[in-house]
Every structure is written in structure tokens, then in C-alpha cells.
Amino acid sequence: MNRTVRAGVGEFLGSAGLTVVVVGSGIAAQRLSPTDVGLQLFENAFATALGLTVLILVFATVSGAHFNPVVTVVDILLHRRPWSVAATYLPLQIIGCIVGAILANLMFAQPAVNWSTTDRGGWNLILAEVVATAGLIVVIFALVRTGRSHLAAPAVGAYIGAAYFFTSSSSFANPAITIGRMFSDTFAGIAPASALPFIGAQFVGAAIGWLVIRVLFPAAIPEPVTPHN
């Protein structure tokens, strides 16, 4: 199996796995804590933070463990990778997230495709997605551009887990998983009508994150800064 095929398979499996974790833990949280939304969110966030960390560790050497179209696009822009990478990764990330949502539905005896009715409209949620996605891009590429990519898995997992609580949107920060979540009318779902504004906000956030990285973190690993009194 050549490298491109392996990378594509890695992105598909990682994206599917991430969506299984997000949607499946959301369904479990609803059933385990039916009267406590705060506890449901904690259970969903905790499982997502751990699962994302593991998935990045597993697939980082196969595909880079993007699982996210905006991460792929920013990686191409920052590191001058060919756009054929996006042509391979993006469809597989989206398909993987859809498959992951369907699999999570089936594991919990839900209809395979159960369109979400959860409205996530409102300017505050759109702003939250801009902030969440910009932060995610900065976390990932600040580490990559300073030679600390080995810390990306725990850092990204911790960031997303925290962002479930410090953003009003519960930090989707990923166009592919936003699409996948439309397929499950459960705790983690999003109504199709709300998805497009979320995706637009995520790309705006990615652009802001890209700009921050270009300003603060040059391509070369910077020399340590010596403070002056």
C-alpha cells in the first residue's frame, strides 16, 4: 500500500473514530445523566478529550492525524504542501465523520441516519466557533512550528476538552464533524440549517489562526528569547 493510500485510510479511520467518540459519548451521557445537562457535557467533553488524544497518537505517523479540513488547509498554506493533499484528505474526513455518526447511532440502537433537530443558531454560537477554531489552529501549529509536535496529541485533547466549556457552541471547530453530527439527533447533534453558518465560522477562525501563526511563529524554529531587565 503506497503512502498516499495509507494516509487517506488513516484520515478516514481517524475521522470516523473521532465522531464515534463524540456522538457515542453524547448518547451515553444522555442516558447516564438524563436530568443533568452539565454532567452530560462533562462526560461528553472528557471522553472526547481522551479519545482525540489517543487517535492523534495512533494516526500521527500515518497521515499527520488532521481529521479536520481546516487543519489540512492551514497545513498546506503554511508548509507549501500540494493541494492534492486536500483533494485526498477532505472527502475522506467528511465521509469518515458521517460513517462514525452512523456507527455511533447503531451502537446505541438509534436509527442509522437520524437527522438532528438541535438548533444551534445565534451570533454568539457563531462567534464561539470562530474563537474555538482559531485557538485550535494556534495550538496545533505553534507546537509544529517550534519543534514540539510530539506534544500535539495531549495539547489538542486538552484544548478541545476545555473548549467544550469555555465556548458557548461547545467547540465543534471542525467542518467535517459538523457535517457528521447532522446525522444524529442526540446530545452532540446539530440541525442541518445550523451547520452551514458553523462551517463558515470555522473557516473564518482558521484564517485568523493562520494569520496569528504567520505573525508569531516563523517557519524556522526561533531562538530562545533572553529577557532584558
Side-chain angles (χ1 to χ4, degrees), residues 10-33 36-72 74-75 93 96-97 99-101 103-105 107-108 118 120 125 128-144 148-181 184 186-190 198 201-202 205-206 209:
E11 283 299 295
F12 170 79
L13 292 176
S15 299
L18 176 58
T19 311
V20 167
V21 170
V22 171
V23 175
S25 65
I27 298 171
Q30 280 183 306
R31 295 182 178 182
L32 293 170
S33 310
D36 191 333
V37 177
L39 187 54
Q40 290 173 14
L41 184 62
F42 174 79
E43 291 162 351
N44 193 203
F46 185 68
T48 299
L50 293 181
L52 180 55
T53 299
V54 171
L55 288 167
I56 294 172
L57 288 171
V58 170
F59 292 104
T61 60
V62 177
S63 67
H66 294 183
F67 316 146
N68 188 334
V70 297
V71 173
T72 299
V74 172
D75 185 45
Q93 290 163 350
C97 287
V99 169
L103 181 57
N105 286 339
M107 287 197 301
F108 286 91
T118 303
R120 296 183 188 266
L125 300 184
E129 279 301 290
V130 173
V131 171
T133 310
L136 176 64
I137 294 299
V138 171
V139 168
I140 293 170
F141 290 102
L143 294 174
V144 170
R148 297 175 292 162
S149 57
H150 61 285
L151 297 175
V156 171
Y159 173 80
I160 291 296
Y164 264 69
F165 287 92
F166 73 73
T167 65
S168 58
S169 63
S170 72
S171 184
F172 285 41
N174 182 335
I177 204 166
T178 301
I179 293 170
R181 289 184 186 213
S184 185
T186 56
F187 184 77
I190 179 171
F198 262 49
Q202 289 155 3

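Considering I27, T186, V23 in turn, I27 is the only one that fulfils the side-chain contact (heavy atoms from CB on, under 4.5 Å) rule with F108. Residue V58 forms a side-chain contact (heavy atoms from CB on, under 4.5 Å) with just one option from I56, L55, V54, and that option is V54.
Under the side-chain hydrogen bond (donor to acceptor under 3.5 Å, both in side chains) criterion, S171 pairs with no residue, sequence neighbours left out. Considering only residues two or more places apart in sequence or on other chains, F166 meets the ring-ring contact (aromatic ring centres under 6.0 Å, His included) condition with Y159.
Going from atom CZ of F172 over to atom OH of Y164 covers 8.0 Å, rounded to the nearest 0.5 Å. In this structure, N44 CG and L39 CG are separated by 11.0 Å, a value rounded to the nearest 0.5 Å. Atom CG in N174 sits 9.5 Å away from atom CD in E129 (nearest 0.5 Å). Interatomic distance, I140 CD1 to N68 CG, rounded to the nearest 0.5 Å: 7.0 Å. With rounding to the nearest 0.5 Å, the separation of CG in L18 from CG in L52 is 5.5 Å. Atom OG of residue S25 and atom CD of residue Q40 lie 11.0 Å apart, to the nearest 0.5 angstrom.
T167 and A132 get closest at one heavy-atom pair: CG2-CB, 4.1 Å. Shown here for T19 and A101, the closest heavy-atom pair between the two residues is CG2-N, 3.5 Å. Across S184 and N105, no two heavy atoms sit closer than the pair OG-OD1, 2.7 Å. Shortest non-hydrogen contact noted between T178 and Q202 is OG1-NE2, 2.9 Å. The shortest non-hydrogen separation linking A45 to G161 is CB-O, 3.9 Å. For the pair S15 and E11, the tightest heavy-atom approach, listed with the atom from each and the gap, is OG-O, 2.7 Å.
In this structure, F42 and F165 have tilted ring planes: the angle between them lies in the 30° to 60° band.
Between F187 and T118 the shortest side-chain heavy-atom distance does not fall below 4.5 Å.
In this structure a side-chain-to-backbone donor-acceptor pair under 3.5 Å is missing from Q93 to F12. Between the side chain of R120 and the backbone N or O of G189, at least one donor-acceptor pair lies under 3.5 Å.
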